[in-house]
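What follows is a single structure, written as structure tokens, with notes after it.
Keep in mind that the numbers below use all heavy atoms, side chains included, and drop hydrogens, waters and symmetry copies.
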Amino acid sequence: MTLEEIHGQEPVPAGHDWMQGAGKALHELLVSAQRRGCLTAGVYESAKLMNVDPDNVAFCVLAADEEDEGDIALQIHFTLIQAFCCENDIDIVRVNDVAKLAAIVGPSEESGEPRDLHCILITNPNEDGWKDPALEKLNSFCEESRNVNDWVPTITLPE
């Protein structure tokens with residue numbers, strides 16, 4: 001008998017297809033949110049937004065490359081953001097490829113400069129009826145991951 005059977009939970013579907021589907025959904029969500037103006041990028045910008053209006057945050061993405069793993073200050077920020085997201089019921093995932101995120105999100109619209117993509121927040125737009133299927137899929141993915149005690153799952157973005 002497995003732990004999932006004891007607690008009546010289904011395990012996260014194993015295999016490459018489930019992870020690939022989550023990566024594709026994240027890609028779609030980022031593109032859609034940016035088009036709608038519902039994307040906030042940057043650790044400090046995200047922290048300010050979460051402090052002012054946490055109820056408006058729908059999803060959080062933390063991104064770090066291998067060289068960022070040794071950045072203690074960034075890891076402290078990640079720990080605080082993760083705690084805040086858990087406390088406010090905000091689903092959160094990690095991405096291990098900042099370059100792929102940059103290719104999806106692109107530079108800052110105001111300055112054209114590369115932006116800090118270590119933390120990206122997806123906010124609820126002012127439109128009442130916006131239901132993004134990619135966001136719903138990612139919310140399900142996060143819930144399934146929590147069922148097997150993976151509180152901040154890592155997603156691989158598609159090529």
Determine whether [X] and [Y] make a side-chain contact, defined as any pair of heavy atoms from C-beta on separated by less than 4.5 Å.
X    : Y    : result
V43  : I81  : yes
M50  : C85  : yes
V31  : R35  : yes
L138 : I155 : yes

Output yes when a side-chain donor or acceptor of K137 lies under 3.5 Å from a complementary backbone atom of A25, and no otherwise.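 Between the backbone of A25 and the side chain of K137 there is no qualifying donor-acceptor contact (under 3.5 Å).
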Check for a donor-acceptor pair, side chain of E45 on one end and backbone N or O of T40 on the other, with a separation under 3.5 Å. no
[atom1]-[atom2] distance between [X] and [Y], expressed to the nearest 0.5 angstrom:
X    : Y    : atom1 : atom2 : value
C142 : D150 : SG    : CG    : 9.0 Å
I122 : C60  : CD1   : SG    : 9.0 Å
I120 : S46  : CD1   : OG    : 8.0 Å

Do [X] and [Y] belong together in a cluster built from hydrophobic side chains that touch within less than 4.5 Å?
X    : Y    : result
V152 : V57  : yes
L39  : V98  : yes
I90  : L135 : no
L101 : L62  : no
V95  : V105 : yes

For the residue pair P158 and K100, what are the closest heavy atoms and their distance? O-CD, 4.1 Å
Using the ring-ring contact (aromatic ring centres under 6.0 Å, His included) criterion, which residues pair with H27? Sequence neighbours excluded. none
If a pair satisfies side chain to side chain donor-acceptor pair (under 3.5 Å) and one of its residues is in residues 67-76, list it, with sequence neighbours excluded.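 Side chain to side chain donor-acceptor pair (under 3.5 Å) check on residues 67-76 returns D68-H118.
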Tell me the side chain to side chain donor-acceptor pair (under 3.5 Å) pairs involving residues 81-97, sequence neighbours left out?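 Every pair satisfying side chain to side chain donor-acceptor pair (under 3.5 Å) with a residue in residues 81-97: D91-R146.
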Pairs satisfying ring pair (Phe, Tyr, Trp, His ring centres under 6.0 Å), at least one member in residues 40-99, at least two apart: Y44-H77
Contacts of type side-chain contact (heavy atoms from CB on, under 4.5 Å), residue L80, not counting sequence neighbours: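 Counting only residues at least two positions away or on another chain, L80 forms a side-chain contact (heavy atoms from CB on, under 4.5 Å) with I76.
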